[in-house]
Amino acid sequence: MVHRSVRRAWSGIVAAALIAAMAVGPLGVPVARAQARGIEPPYFAIQGAKIVTVSGGVIENGTVVVAHGLIAAVGADAKIPPEAWVIDGKGLTVYPGLIDAMTDVGLPAAPPGPPGAGGPAAAMQQAAQQQQRPSMGPEDRPGTTPWRAAADELQPAERRIEQWRNAGFTTVLCAPKTGIFPGQGAVIDLAGERPGEMVVKTPATLHITLQQPGGFFGFPGSLFGVIAYIKQIFLDAAQARAVEEIYNVSPKGVERLDYDRATRVLNGALRANRPVLFPATTPTQIVRALELNEQLKTNMVLYGAQQGYEPAAASAIAAKKVPVLVSLKWPEKDKDADPDAEEPLRTLRFRDKAPSTPAALEKAGVKFAFYSDGIANPKDILKNAKKAIDAGLKAESALRAFTLGAAEILGVADRLGSIEAGKIANLVVTDGDLFGDKMRVKYVFVDGRKFDVKEQAPPPGGAGAAPPVKMAGKWSLNVVTPDGDQPATADLTQAVDGTLSGTITTTFGTSTITKGSVTSNQFTFTFPLDIGQGPGDVTMSGTVEGNTLKGTASAFGQTFELTGTKPGSGQSEAEEVRR
Amino acid sequence: MKTTSATEAQRHRGNTMQDKTLRGVLALALVAALLPAPAGAQSSSVTVIQNGTILTVTKGTIEKGSILIRDGKIAEVGKNIKTPAGATVIDASGMYVTPGLIDCHSHIAIEGSVNEGSVAVSSMVAVADVLDPTDIDIYRELAGGTTTSNVLHGSANPIGGLNAVIKHRWGKGAKELLFEGAPPGIKFALGENPKRSNFRPPAGFPQRYPNTRMGVMDVIRQAFIEAREYKKSWDAYNKRVAAGEKSAIPPRRNLKLEPLVEVLEGKRYVHSHGYRADELRQLLLLAEGFGFKVRTFQHVLEGYKIAKEMAMHGVGGSTFSDWWAYKNEAYDAIPYNAAIMTKYGVVVSINSDSAEEARHLNQEAAKTMKYGGLTATEALKLVTINPAIQLGIDKRVGSIEAGKDADLVIWDKHPLSVYAVAQKSLIDGAVYFDRKKDIEQRAEIAKEKKALLEKEKKPAEPAKKESGPGRPPGAAGKAPEKKPAEAKKPPMNAAGGAR
């Protein structure tokens, strides 16, 4: 928490510096649109850079001209208008701005839950809080909010917007996540003071998940229940279309149909042939989704697809000419997994082969793009794409999946995805190859607005807080209990990062500290103790002031007052001197 | 007799997570997951199984007999069969050949929960929608001679979901598991499970109706009244359309009621879970009132009390050999149940309701020889032709006869002996399980596993020389074309289910 707020403050300083930098730059012709966005010139030219246009090859030494939010010209000899702010691109590479093809970056983050939240129990609890009566069938439209449009809920100040942008992402498909029909996605650019400025296209997509909002108590509470529901609501949508046709010709003598907000949106998406995003990971799930779509007849786009390396999966997708959004959150071993549990070979193979999915899809002729899925640090998105390249994907194909490929699938290739005159000026300027280990993003242009990216050094010494006080050495402690004072001694060792270890001697014997740390002047450590009632853990925590400490000792469900002194502090230093 | 309350409770809770985790640890799972799909599946080649003791089930026993298989079907069975040139020969000397075993009550190969437990009538959900062909139980049961299973929805609802009859075609896709042409069915359930005797929702959630046996019958009756009305509305609509009316509004299609209309029309089998004689009898009366038949009773531990009534209605009984007392309604069970129902003319099968038990259905069937004195053939019928009849697939499987599917199991001992071990299991003439090959492959699989674990432990390979800033990513042809790390082609489905 401390860490996060410090970072935010820090980025605020960067933003202020940026505005200052812009203010001193050459001011161009005032344009209402540019002015509305702040103090910045409407013309930029990046000169002498390598330009990877994606749509028209690579220009080894060229110029990109940006004007009024659009790409005005690109080429080896593109003319630079006299009023342009010229950026020396020597040694730099310009790529189209990267696109994260599915995320909720831009939407307010879900309220933080306890670690491990999100299981069925949590879902159940949530359902119990949110609705009085659990859904009892498809007619209750469980987990169905397709009318929610991401574009209507954008928060320009959402902190991940800047993080994603600094990692080279100028555009995302932003969509709500919760529910079977969570809502409609919007293609948004990652800059703007007001939500409306950010939206490139809305609604861009309709989203489906296989979440089971009911648990065991509301419908649907199973995978086949969700699938049955999806089938039923599409049948209901078809029914609504059929009845509307009859009713609109002559309402007389025709029973009117109920107003149903959900099927109305579904029909809108079907009529517009809007991409409908559907999840599938394994070959079985992929084939299942494609077969289901024979009934639903949507313009389906699969997402997830991490077992696309299986020949059965890739060929099935190719046969249906369905595009795919590949999740870049490659499977990892669960960090909390029992280290002694033997993992099935299929799990090991999945972890090994998942990054070869994009290469397999490409080979099969499947259109694909990448999305960040649950990746928290946007820098890992490119790192994970690099794993796909190591597993056989051509780097240029990886770049295409992040740019023009994504734009095509999302229906915005006419305005985004490549460096072409007339397209939106979304660019990422790097020092080094985009997928190289030493790549650094120097500038990002979003809608023609320039953002400088400074390498963010990690705040020193743990979140910029004061360094941990030194606690190493021998301490005499006293715990005040109803049965009287309990003396103890501690012999502590402290690592550079503040980790505490050592031993505690009480009237019940000597215990070894199992966990302990010092942050700033706050300490906590835990050790096992058996006071004759079976073993239990004691946690001592508190504050250190010089050679004294104050705090509490918690054990066996009770908390007691703790005090301590470090009598030998001077002595031990003297000893060290003598040695 | 054994008591298995834990297993039973777990299966009806639909909480298969736990035992799936356990299963994952079993060594055989690891081995089996990797076996390549049988090369000869769907082959048009000719196979001859020679010199075995053939237990045809319906046409007696043939000593030193042969079976000629052509295009997946049994072409000839007998003592003197000429082996056509080029035929694959399987020597069954000293071995026994039976039809593939059929399990009339299974919950394997389902992705996700086996219950849509939220609603009392969940006939909108279908097992066929969520079949998982990578479930290791498909293979393990093949290793026990089971080649066909009736995969049912759980028993949380008076009217449950739609079943799927599958063949254990390990390595194939979900659709190819489906037993082509098997009549569709639906799960019903009576008694403790649908009335949620051992199940309380957490605070904030209402208790689901029904809570009594009376309520269970009421739910079923109401559902069929609704289905009848639904059918009427469609009949009326179709009539108006047929009469040329253009502005007729089509009724809403209802996935919950459509299968129930099929039941009323006799097009869909009812497989009803139930224990107590009284409520089983009640369901028969209810069905007769609506003019449909119940195809099978599942579990039916008190079937011996109403065997005559069952025979009159024509309902089959699919029961356990000797499970009992695992819950209140299972106290009156006797191991003679299968034999007594059989003697009253009921078509009886022994089922597993368990991925473990389905690996030794032959032994379960054999117990009826001790309890009830069935003959060896009668006992074998309980896991072959009888479940085939119950599922309406007896023209295709369940016995060794010319014209039937070549779904066969080769055993090293008489299959009703506890010492019998299945050596090969064939479906449609193709070998889907071969014990010898399975054992041979274990070392290779262990090696691959070890290699993958070691690869994962190693820090990532030293990064390739980074292309300088002057180089575009993957400038055509220059990108190092690295082959996927593994040269070996992975067996199909190895990385299948994400569980």
Side-chain angles (χ1 to χ4, degrees), chain A residues 50 52 58 91 93 124 128 133-134 136-137 214 216-225 227-228 231-232 235-236 239 242-243 246 250 254-255 281-282 284 287-288 307 310 312 341-342 344-346 348-353 356 390-392 394-396 399 431-438, chain B residues 24-25 29-30 33-34 111-113 115-119 122 124-127 129-130 132-134 161 173-174 201-206 247 249-250 252-253 255 445 448-449 452-453 455-456 463 466-467 469-476 479 482-485 490 492-498:
Chain A
K50 175 180 307 292
V52 184
V58 176
T93 311
M124 235 163 59
R133 193 181 70 105
M136 277 297 122
F216 206 76
F217 308 97
F219 178 87
S222 60
L223 180 60
F224 47 26
I227 292 173
K231 285 183 185 174
Q232 181 69 59
L235 285 176
D236 291 348
Q239 153 93 352
V243 175
I246 295 165
S250 166
V254 180
E255 247 183 89
T281 299
T282 66
T284 301
V287 170
R288 182 185 295 152
Q307 287 182 12
E310 294 275 359
E342 197 178 343
L345 184 49
R346 63 172 70 175
L348 297 176
R349 275 191 180 156
F350 181 31
R351 286 210 295 268
D352 184 50
K353 295 191 78 70
S356 67
D390 291 345
K394 284 192 217 123
E396 62 187 5
L399 175 62
D431 180 2
D433 185 291
L434 190 63
F435 300 107
D437 295 337
K438 289 176 187 154
Chain B
V25 182
L30 310 175
L34 305 161
E111 187 171 335
S113 172
N115 279 300
E116 176 53 55
S118 58
V119 285
S122 65
M124 72 291 273
V125 310
V127 168
D129 281 345
V130 292
D132 175 9
T134 65
F205 285 90
S247 65
I249 298 282
R252 172 187 182 235
R253 278 194 61 192
L255 292 179
I445 284 156
E448 188 192 343
K449 195 168 168 182
L452 280 174
L453 280 169
K455 186 177 165 190
E456 212 170 39
E466 212 204 316
S467 40
R471 197 180 148 230
K482 211 171 146 190
K483 284 206 178 111
M492 197 183 160
N493 285 327

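Just so we're clear, the structure is a prediction, and the values are computed from it rather than from any experiment. Just so it is clear: chains get the letters A, B, ... in the order the sequence lines come, proteins before strands, and each one is counted from 1.
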Task: Listed partners of A:D236 passing side-chain contact (heavy atoms from CB on, under 4.5 Å), at least two apart - done: A:R141, A:Q232, A:T263, B:R252

Answer with side chain, backbone, both or neither: which region of [X] has an atom nearer than 4.5 Å to a non-hydrogen atom of chain B?
| X | answer |
| --- | --- |
| A:L223 | both |
| A:L235 | side chain |
| A:V254 | side chain |

Task: Step-by-step side chain to side chain contact (heavy atoms under 4.5 Å, CB included) determination, A:K231 to B:M124 - done: CA-CA 9 Å; A:K231 285 183 185 174; B:M124 72 291 273; over 6 Å; no

TODO: Heavy-atom pairs under 4.5 Å with chain A are the metric here; pick the option from B:L255, B:V119, B:L453 that has the most.
DONE: B:L255

Task: Check: B:V130 main-chain N/O paired with B:E111 side-chain donor or acceptor under 3.5 Å - done: no

Open item on the list: Strictly distance-based, threshold 3.5 Å: is any side-chain N or O of B:E116 a donor or acceptor partner for the main-chain N or O of A:F219?
Closed with: no

TODO: Determine whether the side chains of A:T282 and A:Q307 contain a donor N or O and an acceptor N or O closer than 3.5 Å.
DONE: no

Task: B:S122 versus chain A, the contacting section by heavy-atom distance below 4.5 Å - done: neither

